[in-house]
Amino acid sequence: MAREIAKAYEPQLIEPRWAEFWVKEELFKADANAPGPVFSIVIPPPNVTGSLHIGHMLEHTEIDIITRWHRMRGYNTLYLPGTDHAGISTQRVVVKQLMDQGIDYHKLGREEFEKQVWKWKAEAGGQITEQMKGIGESCDWSREKFTLSPEMSRVVREVFVRLYEEGLIYRETRLVNWCPDCLTVLSDLEVVHEERQGHLWYIKYPVAGTNELLVVATTRPETMLGDTAVAVNPEDERYKHLVGKKALLPLMNREIPIIADAMVDREFGTGAVKITPAHDPNDFEVGRRHRLAEIDVMTDDGKMSAVAGAYAGMDRFAARKKIVEDLKALGLLEKITEHANAIGLCERSKTIVEPRISTQWFCRMKSLAEPAIAVVERGEILIVPDNRREEYFNWMRNIRDWTISRQLWWGHRIPAWYCKENGHVTVAREAPAKCGTCGSSRLEQDPDVLDTWFSSGLWPFSTLGWPENTADFKTYYPTTLLITGYDILFFWVARMIMLGIHFTDKVPFRAVYLHSLVRTGSGEKMSKSKGTGLDPVALNHQYGTDAMRFCLASMAAPGTDIILSDDRLASSRNFANKIWNAARFLFVNLDKFEEGGTKLEELAAPEVRSKAPYAASGLVPLVDAWLFARLAGTIETMNDALTNYRFHEAAQGVYQFFWGDFCDWYIEWVKPELLSADSERATVAWKNLFAAFDAALRLLHPFMPFLTEELWHQLPQKVEAKSIALDRFPEACADWKNAKALSAVALIQEVVTALRTIRAELKLDPKKKVAAEFSAAETATVDLVQANRVAVERFAALSELRIVPRQQFDAKTGAVRSTATFDVRIAYSDVVDVTAEKARLKKEIDGLQKAIASKEAQLANATFRSRAPEKIIKGLEATLAEQRIELKKLQDRLDQLG
RNA sequence: AGGCCCGUAGCUCAGUUGGUUAGAGCGCUACCUUGACACGGUAGAGGUCUGGGGUUCGAGUCCCCACGGGCCUACCA
C-alpha cells in the first residue's frame, strides 16, 4: 500500500489535530497516587486579560520542553495551568469597554461592575488558555486554576487573617504612591522610574518681618500650595539667622516656619528646601519630625483640591504652568534651570505617580524575608543563572513593607470590617455578624481589594489544595521548578518564597530558572503599545509552532536575551521540513521494499526497534555502529544540557544528530543497501534505520511535539500506545558507545571531504565519475578505507578508488590533498590552476608554520613542561607531530608545482 | 548614587571549571534542479575575540582601567 506523504511539511494541516487530541484525551492528566519520582511545575499565571505574546511563547516553550522531557523519563509529572485575575489591568480593560458604551462604572455600582467583569472574563478571558491549548502545551487542564476563584479566595482570606493575627499585616496612614489615573495606591515595585529632562524653579519666599527673600529650588512648583515649612541645614551659616522666623508662602499668603533639619543638602539648589509633607517622601519624614501640618492640595484624580486656593480644580500640570506664570508676574521667580531627574510612573498607565497621604494596609516584610534569604543562601532553592542570586539578596536585605491594599473593585476584598459605632476593626475569614470588640452589628467591610501579587504569592500551594493536606499537596508540593522571567523576581518569585516558607514550612520550589527576555532587533524590550512586539500566533502560523519552539529553544542560552529574526525562524522551519523529508524518504522507499514481501511491522515494531542495532553476517556494520554511538552521545549531551537548563545546547545536539549525522551521512551511506539484493543487509539496514529514526523522534519530541507526534504514529506502535509524549525518552545504552566506530567513520568522512574538495577545485561536473588514488602509512587506515571503498566511491562520485602503497603514490600529477594520515589524488589531464593551487598551499603552510612554531616554543619552555598537566603536553606533542608531517607534505607539493 | 550584564565572522548568537589551528545558523561565493528535501546538496571565503594594562608556563575565558550598549535597585528637593 502506497503511503501518502506531502512533499513539504505543512504544519498548519497537522497541528490543530494533535492539539485537540492531546486535550481531548486528557493525555497529561496527573495522578497524585502514581508511582515514580515527581516532577511538578506550576505555570506563572498569565493575566486573564492577556493574549499570548512572544515572552509567554518562550516561557511556555521552556516549561513544556522540561515537562515533556521529565514525563518521557518516567516521572510522575504535573504541569499545572491557570490564569491571574490581574486587578488593575482587568479593571482598566472593562472600565474602558463600559466607557465606550457610554457607561460610567461608578454609576453602575460595585456589585454590578463585578458582574460585568465576570461576564467579560467568561467571554473574553479564556483567550490565552485557548492559545496555550493551540500550541500544544502539555498541561493538566483538569487542574486549571484562576487566582480569583472562590477556591483561591478562601486561601487568600486564610492567609490574610493569619498574617493579621500574627501582627504582620497592619493598617496605617502614611505617604504612598498614588496613581491618579488608576485611582489606586501602588506598591513601590509598581512604580517604574524614568529619567526625564525637567526644570528646577527657583522661587523667592519673603521672610516675614524682614526685607529678605529666601530662595528655594523645586522641581514641582505646584506642590508649594501645600508647603508647611521651609528647611535649611542647621550648619548652614547663610541661613542660621533665619531659623525660627516665618516665611510668607507666595500665592497662598500663609506664614510657614523656617526650620533646621540635617536632611537638607547645602550644596543642592540654594540650600533651602520648601517642605510639602503631603506630597514628597522626604518632606513627609521632615514633617513628622517637626510635627508640621500635612496639607493635601490634590484630589485623587490629580487635580488641585479645594485647599489649593485659586488653583482649585485645575489639573496638576496646568496648575504648575499657571503657578510659574503667576510667580513670574509677582517677580518671585528668580530663575529656571535645566534639571534631569528620575520620575516615577505607574507601571500600568504610565501616568506620573503622585506621592500622597493615605490610609492603607501593609505587610511587614522583614521577618518574612529572613528565612527566604536563608534558603537561597543554603542552596535549598537554586536560582539560575546564579548572578540573579545577588539581585535577590540585595533586594531582600533592603526590603520595605509592602502596600497590599488597592482601591479597586476587581480583586480579593480585604476581609476587614469596621464597626460603624466606634471604628473597631474585625478581621475574619467569613463576614462577621457583629463587631468582635463591642458586639455591634453595624459593620461595613473595607471597600479595598488586595494587590494581585498577594494572591499570586500563594500560587504554588494554593493551587495544590493548601491549607488542606490533599493528595496533590502531599505529592506535588514543593514543586520541582519555577520557570519565569527575571523581571518579576521581586514582584512574584521573592514573595512566593517568603509566603511559601511562612505558611508551609517548605520552600515552594527547589529551583528557579529565570529565562531571557525576547527583544526587538534594536535590542529593546518588545512592547505592544510601541508596536514592536512580534505576534507569536501569527509566527506560529507562518513557520509552524514546532519551528517557533525550536528556534526559541535554540537561542535560549541562560542569561542572554533573545533577538528573534526571520532568518533564524526560517532555519528552524527548514529543520522541521528536513525531518519531514527524511520520513518521506523512509516511507517512499519502504513502499518499494515492501513489494519484496517484508512489511513495516517486521522492520519497525517496538520490540524490533528495541533490539537495534542489528548485525549483518554476525557483525554490526560500521556505519550502523557509528550511528548508534552518535545517538548515545547525543542523548547524553541532551540530558546533561536539559538538566542545566541549557536549552540551546540540547537543541543544537538534536539538530546536529538529525540533520548532520542521520540525514547527511547515515541515510546517504545506506541508501543503496536499502533496496539491495542482499536481503539480509537490506533488512538490517531498514531495522537500524527505523530504530534510529524512532529514537531521534523521541529525542526531538520535547522540542517539536507536533511533527514528532505525527511521524511517530506512522511507525508501528504498541496497541495501547496513544502518544509519543507518553513514550520513553531514549536512554544511552552502554552497548551503543563505540569510540572505534566514531573515529573510523570520522576518517572516512575526512577522505570523502578531501576528494570532494579536489573535485570542487577542479570544477568537475558533479555527475562525472573520475578515478582517484588513496594512500596511507598505517595499515589499519588502508584496511579501513579498503573495507569502505564502495561507500567512498559513491560519496565522492568516483569510477574507482585505487588504493596504492605509499611509495607508488603518484603525487606529481593531478590534484592532491594530504593530511597527516593519508593522501588522495585525482588524476586530471586538463590544466590545473597552478597559481591558485600554489596560493592555497602557501596559505596553509603559513598557518601550519605558525601553529608549529608556537607549539615548539611552548614545549621548549621548561616552566610549561613542569607546570602544565601531562595530558596537555602529550596532546600538544601528538598534534605537533601530525602537523609536521602535514607541513612536509604541503611543502613537497609546493616544490613539485615549481 | 549603588549593583549587575553584554561588546567574538557581514547579521543574530554559542564558547561549562584558563590549555592543543575560536564554533553554529543566516547571509555571501562557486558548482549542482541526482529518483526524501532548492525549506535541498557539495565545496569555499570570512573573526585574533571593543581598546589598553596586568596575573599566568599559557587568557576570548581571571583582575584593573577606558570606551560603547542594555538592565535592576534608590526618597536628593
Side-chain angles (χ1 to χ4, degrees), chain A residues 5 7-9 175 188 193 200 216-220 223 231 263-265 267-269 272-276 280-285 339 341-342 344 355 387-388 390-391 394-395 398 486-487 489-490 517 519 521 523-525 547 554-555 557 559-568 570-589 640 644 646 648-649 652 655-656 663-664 667-668 753 756-761 763-767 797 847-848 850-852 854-855 858 861-869 871-873 875-880 883:
Chain A
I5 182 159
K7 190 168 171 174
Y9 178 49
L175 202 71
D188 296 333
H193 295 272
L200 208 48
V216 300
T218 180
T219 52
R220 304 186 52 206
T223 62
M263 142 278 183
V264 181
D265 178 357
E267 307 301 317
F268 191 90
V273 191
K274 59 191 269 318
I275 301 295
T276 323
D280 180 276
N282 274 317
D283 294 6
F284 179 78
E285 296 295 324
H339 182 70
N341 61 337
N387 59 41
R388 300 279 168 196
E390 287 309 312
E391 271 180 36
N394 188 40
W395 188 76
N398 298 303
Y486 59 71
D487 50 337
L489 180 60
F490 309 135
L517 255 38
R519 298 186 176 279
E524 292 163 327
K525 209 167 157 174
S554 71
M555 299 193 72
T560 332
D561 288 343
I562 291 175
I563 296 179
L564 203 59
S565 66
D566 280 326
D567 283 348
R568 196 81 191 213
S571 120
S572 296
R573 176 205 56 198
N574 296 352
F575 180 46
N577 187 58
K578 185 75 182 178
I579 292 155
W580 180 261
N581 273 286
R584 187 163 181 265
F585 170 82
L586 293 191
F587 291 119
V588 167
N589 283 280
D640 189 53
N644 296 296
R646 304 175 68 80
H648 66 300
E649 254 177 40
Q652 200 186 318
Y655 183 96
Q656 170 57 37
C663 294
D664 289 347
I667 288 184
E668 292 303 328
T753 304
R756 283 170 170 174
T757 304
I758 297 177
R759 294 187 61 109
E761 269 165 13
K763 301 208 190 310
L764 291 177
D765 179 338
K767 276 165 304 212
L848 263 180
K850 270 188 209 156
I852 288 170
S854 88
K855 280 191 196 64
Q858 224 176 346
N861 186 323
T863 332
F864 170 72
R865 284 194 169 275
S866 65
R867 296 200 186 170
K871 198 179 130 199
I872 297 295
I873 297 172
L876 218 54
E877 282 169 344
T879 314
L880 179 61
Q883 288 180 336

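In what follows, chains are A, B, ... by sequence order, proteins preceding strands, each numbered from 1.
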For this session: Rounded to the nearest angstrom, tell me the gap between atom CG in A/N577 and atom P in B/C26.
Result: 13 Å

For this session: In whole angstrom, give the distance that lies between atom CZ of A/R759 and atom C1' of B/A43.
Result: 11 Å

For this session: Name the nucleic acid region contacted by A/E668, choosing base, sugar-phosphate or nothing; use a 4.0 angstrom heavy-atom cut-off, strictly under.
Result: base

Exercise. B/G41 P sits how many Å from A/D664 CG, rounded?
Worked result: 6 Å

For this session: Check every strand shown and say whether A/N394 touches a base, only sugar-phosphate, or nothing at a heavy-atom separation below 4.0 Å.
Result: nothing

Problem set entry | Spacing of the C1' atoms in B/G15 and B/C6 (rounded, Å) | 15 Å

Exercise. Can you tell me how far P of B/A36 sits from CZ of A/F587, to the nearest Å?
Worked result: 15 Å

Exercise. Can you tell which of B/U42, B/A77, B/C32 lies closest to the side chain of A/K767?
Worked result: B/C32

Problem set entry | Interatomic distance at C1', B/C32 relative to B/U20, whole Å | 37 Å

For this session: Report yes if some heavy atom in the side chain of A/D188 is under 4.5 Å from a heavy atom in the side chain of A/F490; otherwise report no.
Result: no

For this session: Please state the C1' separation for the pair B/U34 and B/U12 - nearest whole angstrom.
Result: 34 Å

For this session: Among B/G40, B/C72, B/C76, find the nucleotide with the atom closest to the side chain of A/N574.
Result: B/G40

Exercise. Looking at B/C75, B/C39, B/C4, which one has an atom nearest to any side-chain atom of A/E391?
Worked result: B/C4

For this session: Using the P atom on both, measure B/C28 against B/A22 and round to a whole Å.
Result: 26 Å

For this session: Among the candidates B/C71, B/A77, B/C31, find the nucleotide nearest to the side-chain atoms of A/Y486.
Result: B/C71

Problem set entry | Distance between P atoms of B/C62 and B/C37 (Å, rounded) | 48 Å

Exercise. Can you tell me if the side-chain N/O atoms of A/K274 get under 4.0 Å from OP1 or OP2 in B/C76?
Worked result: no

Exercise. Base, sugar-phosphate, or nothing for A/L848, non-hydrogen atoms under 4.0 angstrom?
Worked result: base

Exercise. For A/S866, which contact category applies under a 4.0 Å heavy-atom criterion: base, sugar-phosphate, or nothing?
Worked result: nothing

Problem set entry | Interatomic distance where CZ belongs to A/R220 and C1' belongs to B/A77 [whole Å] | 11 Å

Exercise. Rounded to whole angstrom units, what separation is found between the CE atom of A/M555 and the P atom of B/C26?
Worked result: 13 Å

For this session: Grab the CG-C1' distance between A/L489 and B/C5 for me, whole Å please.
Result: 15 Å

Problem set entry | Any A/H648 side-chain nitrogen or oxygen under 4.0 Å from OP1 or OP2 of B/A24 | no

Exercise. Does RNA chain B take part in any stems of at least 3 consecutive Watson-Crick or G-U pairs (both distances under 3.5 Å), and if so, which ones?
Worked result: B:1-7 with B:67-73, B:10-13 with B:23-26, B:28-32 with B:40-44, B:50-54 with B:62-66

Exercise. Does A/K7 or A/T218 map to a spot on RNA chain B nearer the 5' end, using the closest nucleotide for each?
Worked result: A/K7

For this session: Could you pull out the closest heavy-atom pair between A/P766 and A/A797, with the gap in Å?
Result: O-CB, 3.8 Å

Exercise. Within the structure, does a side-chain N or O atom of A/N589 lie under 4.0 Å from either OP1 or OP2 of B/G35?
Worked result: no

Exercise. Quick one: is B/G44 close enough that its OP1 or OP2 comes under 4.0 Å of any side-chain N or O from A/T757?
Worked result: yes

For this session: Measure from the side-chain N and O atoms of A/N577 to the backbone N and O of A/Y9, and report whether any donor-acceptor pair falls under 3.5 Å.
Result: yes

Seminar exercise, completed: Among the nucleotides B/A43, B/C76, B/C37, whichever has the atom closest to the side chain of A/N282 is B/C76

Problem set entry | B/A74 phosphate, OP1 or OP2, under 4.0 Å from A/N398 side-chain N/O | no

For this session: Would you indicate what A/D283 reaches in the nucleic acid, counting non-hydrogen atoms under 4.0 angstrom: base, sugar-phosphate, or nothing?
Result: nothing

For this session: Check every strand shown and say whether A/F575 touches a base, only sugar-phosphate, or nothing at a heavy-atom separation below 4.0 Å.
Result: nothing

Exercise. Considering all heavy atoms of both residues, which atom of A/D664 and which atom of A/K578 are nearest to each other, and what is their separation?
Worked result: OD1-NZ, 4.4 Å

Could you pull out the protein-nucleic contacts involving nucleotides 16-20 of chain B (nitrogen or oxygen on both sides, under 3.5 Å)?
from	atom 1	to	atom 2	distance (Å)
B/U20	O2'	A/K855	NZ	3.4
B/U20	O2	A/G875	O	3.1
B/U20	O2	A/T879	OG1	2.4
B/U20	N3	A/G875	O	3.3
B/U20	N3	A/T879	OG1	3.3

Exercise. Mind checking the P distance from B/A9 to B/G23? Whole angstroms is fine.
Worked result: 14 Å

Problem set entry | Sugar-phosphate, base or nothing in reach of A/A217, heavy atoms under 4.0 Å | base

For this session: Remember a base hit wins even if backbone is also touched, and classify A/D765 as base, sugar-phosphate or nothing at under 4.0 Å, heavy atoms.
Result: nothing

Exercise. Partners of A/N394 by side-chain contact (heavy atoms from CB on, under 4.5 Å), sequence neighbours excluded?
Worked result: A/N398

Exercise. Across the strands shown, which category fits A/K578 at heavy-atom distances under 4.0 angstrom: base, sugar-phosphate, nothing?
Worked result: base

Exercise. What's the CD1-C1' distance between A/I562 and B/G70, to the nearest Å?
Worked result: 16 Å

Exercise. Among the nucleotides B/A74, B/U42, B/A36, which one has an atom lying closest to any side-chain atom of A/A582?
Worked result: B/A36

Exercise. Base, sugar-phosphate alone, or nothing: which one does A/R568 contact when heavy atoms must sit under 4.0 Å apart?
Worked result: base

Problem set entry | Stepwise side-chain contact (heavy atoms from CB on, under 4.5 Å) check, A/M263 with A/E285 | CA-CA 10 Å; A/M263 142 278 183; A/E285 296 295 324; over 6 Å; no

Exercise. Is A/D567 side chain donor-acceptor paired with the B/C26 base, going by distance under 3.5 Å alone?
Worked result: no

